[in-house]
Amino acid sequence: TLFRSDPDAETLDISLGRIGVKIDADGNLELDLTSIVSIPRCMVGTTGVLLEIGKLQWLTPATPASKRPPNTPAGFTGLYLDDVVVEIPQLPAAVNGIRMDDVFLGTGGFSGIISKPGLELKWNGTDFTGAMHGELFGFKGGISSMSIEFRQNALVGCEIRGDIFVPYFNKRVGLTLGLDGAGGLTATAALPHSLPAETGITPGSPGYLIHLDVANVLSLDIASVRFE
C-alpha cells in the first residue's frame with residue numbers, strides 16, 4: 001500500500017477516551033487511563049517507519065480482571081499492545097510488515113508474539129522464489145510463515161514453516177521448524193506450503209507424517225526427519 005503524508009495535518013490526533021485523575025493530599029497526580037486506544041497508520045517522525053496499533057491499553061494491578069487481557073502477567077504494570085503492524089518500506093519485503101500480538105511492555109520485561117504470516121513462496125521448477133528463500137539444511141528452501149513468542153524476556157515459542165527441495169526424490173517437502181527447549185532446532189516434515197501444489201505427496205497414514213510416491217517406482221511413508 002502506498003503511503004502518502006498529509007501536508008495539512010500538524011498533529012496526529014488520538015482519542016484517549018475516559019481518563020481518571022486523582023490528586024492526593026500531598027499534591028501527587030495520578031492518571032488512570034482505562035480505555036482501549038487505537039493508533040492509526042502513521043509515520044514515526046521522519047524515519048519512514050510506519051506504525052499501526054489496533055489496541056493500546058495501560059494496565060496496573062488495580063485494573064479490573066474483566067478489563068485485563070487473558071495473558072496478563074501477575075502484578076503487571078505497563079502497556080499492553082495488540083494488532084501491531086510495523087512497516088519499513090526501505091527494507092525488503094521479507095522483513096517488512098511485521099506483526100506483533102499480545103505485547104506487554106512494563107514490569108517483568110517484554111512479552112509478546114512477533115509474526116510474519118503469509119509469506120509468498122513459489123517453486124518455478126528449478127528454484128524457490130518469494131520473500132525468504134535460499135538454503136535450508138543444505139537444500140534449496142524457502143519460508144512461508146514465522147512466529148516467535150517471548151514471555152517476560154524469555155523465548156518460549158518458535159514456529160517457522162517452509163519447504164525444501166529433496167533432489168533424491170525430486171520432490172518438495174514441507175517443514176515446520178521449532179525449538180526443543182534447550183536451544184536446539186527441531187524439524188518436522190509436512191505437506192509442502194509453496195505453490196503450485198506438489199504431486200505425489202499426501203498426508204501420511206496413522207503414525208506417519210507424509211506419504212511419498214516417486215516416479216511410480218517407489219512408495220514410502222515418512223515418520224520423522226533428521227538433519228545432521
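What you see below is based on every heavy atom in this structure, not just the backbone, and it leaves out hydrogens, waters and symmetry mates.
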query: What is the minimum heavy-atom distance between F165 and F128, and which atoms define it?
result: N-CE1, 3.8 Å
Flag, side chain of H193 to backbone of G162, donor-acceptor distance under 3.5 Å: yes
field: Minimal non-hydrogen separation, A190 against I201, with atom names
entry: O-CD1, 4.4 Å
task: Starting from the C-alpha separation in whole Å, work towards a yes-or-no answer on side-chain contact (heavy atoms from CB on, under 4.5 Å) for R41 and L51.
output: CA-CA 5 Å; R41 190 167 181 259; L51 175 68; over 6 Å; no
query: Linking I/L/V/M/F/W/Y whenever their side-chain heavy atoms sit closer than 4.5 Å, directly or via other members, would W123 and F139 fall into one cluster?
result: no
message: With side-chain contact (heavy atoms from CB on, under 4.5 Å) as the criterion, how do L191 and I210 come out once you've worked through the C-alpha distance, each side chain's angles and the decisive distance to 0.1 Å?
response: CA-CA 7 Å; L191 296 178; I210 56 175; 4.2 Å; yes
query: Taking atom CZ of F110 as the centre, does the number of heavy atoms from other residues, nucleotides or ligands within less than 6.0 Å exceed 12?
result: yes
query: Heavy atoms, side chains only, cut-off 4.5 Å: are T176 and E159 in contact?
result: yes
message: For the CD1 atom of I39 and the CD1 atom of I53, what is their distance to the nearest 0.5 Å?
response: 4.0 Å
Side-chain donor or acceptor of Q57 paired with backbone N/O of K67 under 3.5 Å: yes
message: Looking at T126, is its backbone amide N or carbonyl O close enough to the side chain of K140 to form a donor-acceptor pair, meaning the two atoms are under 3.5 Å apart?
response: yes
message: Below 30° counts as parallel, above 60° as perpendicular, anything between as tilted: where do the rings of F76 and F104 land?
response: perpendicular
- prompt: Just wondering, are more than 12 heavy atoms of other shown residues or ligands nearer than 6.0 Å to CZ in R99?
  reply: yes
Hydrophobic cluster identity match, L121 and L119, side-chain contacts under 4.5 Å: no
- request: Quick one: closest heavy-atom pair of I114 and F150, and the distance?
  value: CD1-CE1, 4.2 Å
task: List the atom of S145, the atom of G118, and the distance in Å for their closest heavy-atom pair.
output: CB-N, 4.2 Å
message: For the CD1 atom of I113 and the CZ atom of R151, what is their distance to the nearest 0.5 Å?
response: 8.5 Å
task: Could you give me the CA-CA distance, side-chain angles and deciding distance for L81 and L105, then say whether side-chain contact (heavy atoms from CB on, under 4.5 Å) is met?
output: CA-CA 8 Å; L81 302 94; L105 294 171; 4.0 Å; yes
query: Between the main-chain N or O of T77 and the side-chain N or O of T107, is there a donor-acceptor pair closer than 3.5 Å?
result: yes
message: Assess, by modelled atom type and distance only, whether the side chains of S205 and H211 contain a donor and an acceptor separated by less than 3.5 Å.
response: no
query: Does S38 use its side chain to pair, donor to acceptor, with the backbone of K55 at less than 3.5 Å?
result: no
query: How long is the gap from CG on L220 to CG on L212, to the nearest 0.5 Å?
result: 5.0 Å
query: Got a donor-acceptor contact below 3.5 angstrom from the K122 side chain to the D127 backbone?
result: no
query: Between R68 and T63, which heavy-atom pair has the shortest distance, and what is it?
result: NH1-O, 2.5 Å
message: To check you understand the geometry: which heavy-atom pair defines the closest contact between R172 and S194, and what is its length?
response: NH1-OG, 2.8 Å
- request: Hey, could you give me the CD1/OG distance between I160 and S115, rounded to the nearest 0.5 Å?
  value: 12.0 Å
task: Rounded to the nearest 0.5 Å, what's the gap from CG on D102 to CG on D82? Could you check?
output: 5.0 Å
task: Please answer whether the main-chain N or O of A62 pairs with a side-chain N or O of T60 as donor and acceptor at a distance below 3.5 Å.
output: yes
message: Less than 4.5 Å apart, side chain to side chain, heavy atoms only: is that true for P192 and V173?
response: no
message: If you define the side chain from C-beta out and look only at heavy atoms, does anything of L50 sit under 4.5 Å from V86?
response: no
query: Under 4.5 Å between side-chain heavy atoms, hopping through other hydrophobics if needed: is there a path connecting L56 to V85?
result: no
- prompt: Taking a hydrophobic cluster as the set of Ile, Leu, Val, Met, Phe, Trp and Tyr residues connected by side-chain heavy atoms closer than 4.5 Å, whether directly or through intermediates, do V217 and I222 fall within one such cluster?
  reply: yes
- request: Verify, without hydrogens or angle tests, whether S111 (side chain) and Q152 (backbone) share a donor-acceptor contact under 3.5 angstrom.
  value: yes
Working for side-chain contact (heavy atoms from CB on, under 4.5 Å), residues W58 and L79: CA-CA 5 Å; W58 177 255; L79 284 175; 3.8 Å; yes
- prompt: Rounded to the nearest 0.5 Å, how far apart are CG of D163 and CG of L195?
  reply: 9.5 Å
